[in-house]
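Only one structure is covered here, and it is reproduced in the block below.
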Amino acid sequence: RGKISVSQPSDVEVRGNWVIHGVSRPALLKMQATPEKAPDSDRLRMRLKGKTQFSLKDHGIVVKSAKIVFATISVEDQANVVFDLLLEKR
């Protein structure tokens, strides 16, 4: 959703689904689309950057603490996803 400019960065939203551990949940990814020229030609390519998070519990994954020697390692239920995609026509 949103229009992508070929001359300046644009904020865009992409709707889809996370399918994790066999469980599908709707997702809205907010990202920035930045046009750039390929270094070896005048071709235009698009870089998409963004980040999001989701609950592992929502996908049926139970997160437990673990004891190792004298320490307890705890893990949070939230997973963070950071992405940097480069789209280029071949």
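Numbers for residues simply follow the sequence, beginning at 1. Note that the structure is a prediction, hence the values are computed from the model and not measured.
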Inset, instruction - Decide yes or no on side chain to side chain contact (heavy atoms under 4.5 Å, CB included) for E88 and R43, but give the supporting numbers first. - result: CA-CA 8 Å; E88 189 172 345; R43 290 187 321 202; 2.8 Å; yes
Legend entry - Worked verdict on R45 versus L86 for side chain to side chain contact (heavy atoms under 4.5 Å, CB included): CA-CA 7 Å; R45 57 190 191 177; L86 185 60; 3.4 Å; yes
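In this structure, T52 OG1 and K30 NZ are separated by 9.5 Å, a value rounded to the nearest 0.5 Å. Here the OG1-CZ distance, from T34 to R47, works out to 8.5 Å after rounding to the nearest 0.5 Å. The CG atom of D84 sits 13.0 Å away from atom NZ of K51, with the distance rounded to the nearest 0.5 Å.
Heavy-atom minimum distance, S55 versus H59: O-CD2, 3.3 Å. Among all heavy-atom pairs drawn from P35 and M46, the shortest one is N-SD, 3.5 Å.
Linking Ile, Leu, Val, Met, Phe, Trp and Tyr whenever their side-chain heavy atoms come within less than 4.5 Å puts M31 and L87 in one cluster. Linking Ile, Leu, Val, Met, Phe, Trp and Tyr residues whenever their side-chain heavy atoms come within less than 4.5 Å leaves V81 and L28 in two separate clusters.
Around atom CG of D40, more than 12 heavy atoms belonging to other residues, nucleotides or ligands sit under 6.0 Å away.
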Compile the donor-acceptor pairs under 3.5 Å between side chains in residues 17-26 and protein atoms, sequence neighbours left out, one pair per line.
{"unit_1": "R25", "atom_1": "NE", "unit_2": "D58", "atom_2": "O", "d": "3.1"}
{"unit_1": "R25", "atom_1": "NH2", "unit_2": "D58", "atom_2": "O", "d": "3.1"}

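Residues satisfying the side chain to side chain contact (heavy atoms under 4.5 Å, CB included) test with A79, not counting sequence neighbours, are F54, L56.
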